[in-house]
Amino acid sequence: MKIVRDRSEAGTLLAKKLEKFRDEEVVVIAIPRGGVPVAYEIASYFNFPLDIILVKKIGHPNNREYAIGAVSLNNSIIDEKYDAWSAYIEEEIQHIRQELMRKQQLYIGEQEPVDVEHKIVFLVDDGIATGKTILATIQLLKAKHPKAIVLAVPVLPSGKVEELTNHVDELVYLYASSDFHAVGEFYDNFEQVTDEEVIRLLKEARKK
């Protein structure tokens with residue numbers, strides 16, 4: 001079931017659902033890469049600042065797809081039951097953080113991150129499948145003490161709505177599917193977003 005043409009249209013449609021925040025102090029935070037074109041349209045619609053948050057999960061040593069924690073540039077969270085694996089976890093944190101620092105340098109160079117303390121944050125991605133990474137991102141974002149977190153995504157499984165709502169101040173979406181297989185099935189055009197496009201959109205947002 002296609003509900004949007006592309007990520008840009010998804011962002012425009014989400015922005016209209018966020019109209020009540022127009023006069024608030026808001027920072028739009030995108031999850032690269034797919035979340036950036038969606039977030040760019042939201043930020044442009046309101047003339048809000050746009051930034052990114054770089055987060056990567058720590059995979060279980062026997063199954064890298066299974067998340068046991070997550071790392072950002074300046075914070076990390078670990079599922080308590082895996083604390084005993086401190087050597088493995090510390091090594092992974094260092095490796096992932098180096099990777100995130102390279103991405104940060106690539107995307108925004110020496111640009112300082114936008115301060116989100118005491119501001120409303122729109123956390124934006126192009127869709128949610130399992131929700132593991134987004135939940136970790138929310139937890140890491142809360143450490144920056146925003147006034148509120150509004151999670152804005154075009155599509156997600158209907159079974160994730162309640163869980164995600166419990167972790168943010170508000171969840172805004174276009175469509176929650178009870179028959180969810182992949183984010184891309186709801187887009188006419190779901191081509192991979194390139195690093196170059198991320199860099200271009202972030203530069204354009206800073207000019208506004």
Side-chain angles (χ1 to χ4, degrees), residues 1-22 26-57 64-67 70 103 107 120-138 141 148-205 208:
M1 177 182 176
K2 310 294 184 186
I3 63 161
V4 288
R5 184 172 60 251
D6 54 20
R7 293 178 178 89
S8 294
E9 183 180 63
T12 301
L13 292 171
L14 278 171
K16 291 173 181 174
K17 284 178 163 274
L18 294 161
E19 189 68 51
K20 69 179 182 182
F21 295 99
R22 179 174 289 280
V26 175
V27 178
V28 183
I29 303 286
I31 297 177
R33 290 177 298 204
V36 174
V38 183
Y40 175 80
E41 296 300 332
I42 296 171
S44 298
Y45 184 88
F46 295 106
N47 199 27
F48 289 153
L50 173 64
D51 205 352
I52 56 171
I53 185 166
L54 292 164
V55 174
K56 189 171 181 183
K57 69 185 177 187
R64 291 307 179 102
E65 290 304 305
Y66 180 80
K103 282 287 186 187
Y107 291 152
I120 294 172
V121 170
F122 290 170
L123 180 61
V124 182
D125 206 350
D126 57 7
I128 291 171
T130 66
K132 283 191 184 330
T133 302
I134 203 85
L135 286 170
T137 305
I138 290 163
L141 194 54
I149 298 174
V150 178
L151 178 58
V153 292
V155 295
L156 75 164
S158 57
K160 292 290 175 184
V161 170
E162 184 177 356
E163 180 185 11
L164 290 165
T165 300
N166 290 336
H167 285 85
V168 293
D169 296 279
E170 191 162 340
L171 171 64
V172 177
Y173 58 90
L174 301 180
Y175 185 67
S177 172
S178 58
D179 185 28
F180 192 102
H181 302 288
V183 170
E185 69 186 309
F186 301 97
Y187 287 80
D188 282 326
N189 177 358
F190 197 66
E191 290 181 3
Q192 185 171 333
V193 177
T194 64
D195 285 337
E196 290 73 21
E197 186 177 358
V198 170
I199 294 163
R200 178 181 63 80
L201 290 174
L202 292 173
K203 279 183 179 176
E204 285 185 16
K208 295 186 177 183

Salt-bridge contact Asp195-Lys103 (side-chain N to carboxylate O under 4.0 Å): yes
Note: Asp126-Arg7 ion pair, threshold 4.0 Å (strictly below): yes
Heavy-atom donor-acceptor pair, Asp169 side chain to Ile149 backbone, under 3.5 Å: yes
Side chains of Leu123 and Val168 in contact at under 4.5 Å (non-hydrogen atoms): no
Lys57 side chain to Tyr66 backbone, donor-acceptor under 3.5 Å: no
Any donor-acceptor N/O pair, Ser177 side chain to Pro157 backbone, under 3.5 Å: no
Mutual orientation of the aromatic rings belonging to Phe48 and Phe46 [parallel < 30°, tilted 30-60°, perpendicular > 60°]: parallel
Interatomic distance, Ile31 atom CD1 to Leu151 atom CG [nearest 0.5 angstrom]: 7.5 Å
Greater than 12 external heavy atoms within 6.0 Å of Glu19's CD: yes
Spatial distance of atom CD (Glu162) from atom OG1 (Thr165) [nearest 0.5 Å]: 7.5 Å
Between Tyr187 and Glu9: side-chain donor-acceptor atoms closer than 3.5 Å: no
Nearest-0.5 Å distance that lies between atom CD1 in Ile52 and atom CZ in Arg33: 11.5 Å
Non-hydrogen side-chain atoms of Phe180 and Lys160 separated by less than 4.5 Å: no
Heavy-atom neighbours of Phe186 CZ exceed 12 at 6.0 Å: yes
Spacing of OH belonging to Tyr173 relative to CG belonging to Leu13, to within rounding of 0.5 Å: 15.0 Å
Heavy-atom side-chain proximity of Asp179 to Met1 below 4.5 angstrom: no
Pair Arg200 + Glu196, salt bridge at N-O below 4.0 Å: no
Heavy-atom closest pair, residues Pro154 and Ile3: O-CD1, 4.1 Å
Lys2 atom NZ, neighbour heavy-atom count above 12 within 6.0 Å: yes
Validation row: His167, Leu135 side chains within 4.5 angstrom (heavy atoms): yes
Asp51 CG to Leu202 CG distance, which is reported to the nearest 0.5 Å: 7.5 Å
